[in-house]
Amino acid sequence: MPTSPVRVGVVFGGASGEHDVSIRSAATVIKGLTDPSNQQRFQVTPLYIDREGRWWPDTVANSVLQQMAALANDQLPQPLPAQGLRQLPVDPDCIDVWYPVLHGPNGEDGTVQGLFTLMQQPFVGSGVLGSAVGMDKLAMKAAFAAAGIAQVPYIGVNAADLENPQQLERLLISLEGELGYPCFVKPANLGSSVGISKVRNRDELLAGLQLAAKLDPRLVVEQGVKARELECAVLGRQHLRASVVGEVRFDADWYDYETKYTEGRSQTLIPAPLSDEVSQRIQTMAIDACRAVHAFGQARVDVFYDEADDRLWLNEINTLPGFTSQSMYPTLWEASGFPLPQLVAELVATAQE
Ligand SMILES: Nc1ncnc2c1ncn2[C@@H]1O[C@H](COP(=O)(O)OP(=O)(O)O)[C@@H](O)[C@H]1O
Ligand SMILES: [Mg+2]
């Protein structure tokens with residue numbers, strides 16, 4: 001007897017700097033769910049959140065997916081409602097599983113996960129805790145440290161402390177003494193390398209701190225390491241599985257915004273050329289990282305590997321990793337024997353566990 005299809009609400013766009021990437025990620029997710037090999041197991045309702053946080057029904061969502069770009073305010077149905085979520089553009093009883101495909105603040109950080117939790121409806125990916133802890137680099141590092149996972153030395157900074165000359169002087173002395181140069185200054189809550197500086201002396205350190213402080217009240221400063229950049233994808237709920245390990249290589253000093261998003265400036269190697277032993281250590285670290293922040297469903301874990309000293313450091317976890325056709329997360333699973341249609345079907349299944 002044919003079972004009725006699972007009705008999946010794919011929510012994308014979002015009030016975040018990664019709005020445009022989210023549109024491309026959602027297109028890939030929907031392509032997988034509606035692939036003929038899934039034999040109409042899923043009925044997809046796309047829902048669009050514009051840059052100002054308004055939620056729109058499938059009619060609007062489909063035009064965004066068609067043009068693969070955000071709609072300008074004057075292309076949206078008028079009059080525009082107030083910003084933010086005012087009401088759901090779909091009857092929640094017509095959705096079986098919610099599938100947030102939102103990157104960055106207001107989507108990857110536990111906010112939308114809290115909404116679905118209150119609605120008592122299943123959704124793909126981590127819950128409030130894992131999403132929130134995974135988003136904030138300081139909270140994330142504290143959780144990794146508590147779990148005993150190796151990380152590069154770092155110091156957390158309150159942006160407000162930069163305002164006070166005495167506190168600032170003390171801070172600079174401790175950063176220089178404990179971390180040295182080069183070091184990396186990061187806002188705790190962005191992504192895509194936005195607001196990150198690699199600094200080599202006190203003037204650059206000060207400039208880096210001031211730049212990051214404009215973007216976030218919470219900052220992280222990390223000792224710079226020379227290392228290969230490796231990524232591992234995790235999938236599952238009760239039982240977490242790790243993919244083959246991939247590597248990002250680029251012809252730049254570090255993986256900054258321009259290098260990330262300029263065609264041809266970086267390449268990925270899947271699988272990364274590594275011994276089985278090192279790959280396995282990375283896979284174990286990826287699963288440990290998920291457990292440390294209580295991430296599940298999907299996550300991409302990024303690590304630094306110092307080949308000369310055979311040392312690994314956990315860099316970060318992404319609980320809603322990029323999912324465009326070129327993104328590392330689906331590509332790593334493809335190379336691990338889970339083609340896209342099977343991967344998204346598995347992700348929906350983890351929400352229903
Ligand atoms: N401690 C570090 N040592 C060396 N390179 C670093 C360090 N921290 C960050 N980087 C470089 O900056 C990039 C972006 O940093 P990351 O913490 O991953 O931020 P984002 O969340 O924006 O991706 C990394 O991919 C790496 O190239
Ligand atoms: Mg990163």
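All ligand and atom numbering here is 1-based and tracks the order in the structure.
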Would you mind running through ligand 1 and noting each atom that sits below 4.0 Å from a heavy atom of [X]?
X	answer
K260	20 (P), 22 (O), 23 (O)
E222	1 (N), 2 (C), 7 (C), 8 (N)
V152	1 (N)
K186	8 (N), 9 (C), 15 (O), 16 (P), 17 (O)
S192	22 (O)
Q223	1 (N), 2 (C), 3 (N)
Y255	13 (C), 25 (O), 27 (O)

Open item on the list: Could you report the tightest heavy-atom contact between P92 and Q121, atom names first, then the distance?
Closed with: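 Between these two residues, the closest heavy atoms are O-NE2, 3.3 Å.
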Can [X] and [Y] be counted as an ion pair, charged N to O under 4.0 angstrom?
X	Y	value
E52	R86	no
R281	D310	yes
D251	R265	yes
D93	R7	no

TODO: Please determine which of Q67, E18, M68 meets the side-chain contact (heavy atoms from CB on, under 4.5 Å) test together with I23.
DONE: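 By the side-chain contact (heavy atoms from CB on, under 4.5 Å) criterion, I23 pairs with just one of Q67, E18, M68: M68.
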Task: Positive for side-chain contact (heavy atoms from CB on, under 4.5 Å) with V348, one of V97, V29, D96 - done: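 That would be V97; it is the only one of V97, V29, D96 passing the side-chain contact (heavy atoms from CB on, under 4.5 Å) with V348.
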contact_flag [X] ligand 1 heavy-atom lt 4.0 Å:
X	value
K137	yes
F304	yes
D302	no
K226	no

May I ask you to identify the nearest protein heavy atom to [atom], giving residue, atom name and distance to one decimal place in Å?
atom	answer
atom 27 (O) of ligand 1	E229 OE2, 2.4 Å
atom 14 (C) of ligand 1	S193 OG, 3.4 Å
atom 3 (N) of ligand 1	V225 N, 2.9 Å

- [ ] Report yes or no: does D302 have an N/O/S atom closer than 2.8 Å to the Mg ion (ligand 2)?
- [x]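 Under 2.8 Å: D302 has no N, O or S contact with the Mg ion (ligand 2).
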Task: Of the listed options W254, F184, F250, closest to atom 5 (N) of ligand 1 (non-hydrogen atoms) - done: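 Looking at heavy atoms only, the winner is F184.
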Open item on the list: Any donor-acceptor pair under 3.5 Å linking the side-chain atoms of S327 with those of T324?
Closed with: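 Result is yes, a qualifying pair exists.
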- [ ] Identify, by name, the N, O or S atom of E316 lying closest to the Mg ion (ligand 2).
- [x]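 Going through the N, O and S atoms of E316 one by one, OE2 ends up nearest to the Mg ion (ligand 2).
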- [ ] Answer with yes or no whether the hydrophobic clustering places L205 together with L171; edges join I, L, V, M, F, W, Y residues whose side-chain heavy atoms lie under 4.5 Å apart.
- [x]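 Yes, same cluster.
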Task: V248-I270 co-clustered via ILVMFWY side chain contacts under 4.5 Å - done: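 Result: yes, single cluster for both.
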- [ ] Give the contacting part of I196 toward ligand 1: side chain, backbone, both or neither, where contact means a heavy-atom distance below 4.0 Å.
- [x]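 For I196, the contact with ligand 1 is made by the side chain alone.
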- [ ] For ligand 1, indicate whether the residue E316 contacts it via side chain, backbone, both or neither (heavy-atom separation under 4.0 Å).
- [x]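 The side chain, only.
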TODO: Quick one: do L115 and W98 satisfy side chain to side chain contact (heavy atoms under 4.5 Å, CB included)? Show the steps, please.
DONE: CA-CA 11 Å; L115 175 69; W98 295 85; over 6 Å; no
Open item on the list: Using a 3.5 Å cut-off on N or O atoms only, is G224 in polar contact with ligand 1?
Closed with: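 No - when backbone and side-chain N and O of G224 are compared with those of ligand 1, no distance drops under 3.5 Å.
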Open item on the list: Would you say the rings of Y48 and F12 are close, in the sense that their centroids are separated by under 6.0 Å?
Closed with: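 When the ring centroids of F12 and Y48 are compared, they turn out to be within the sub-6.0 Å range.
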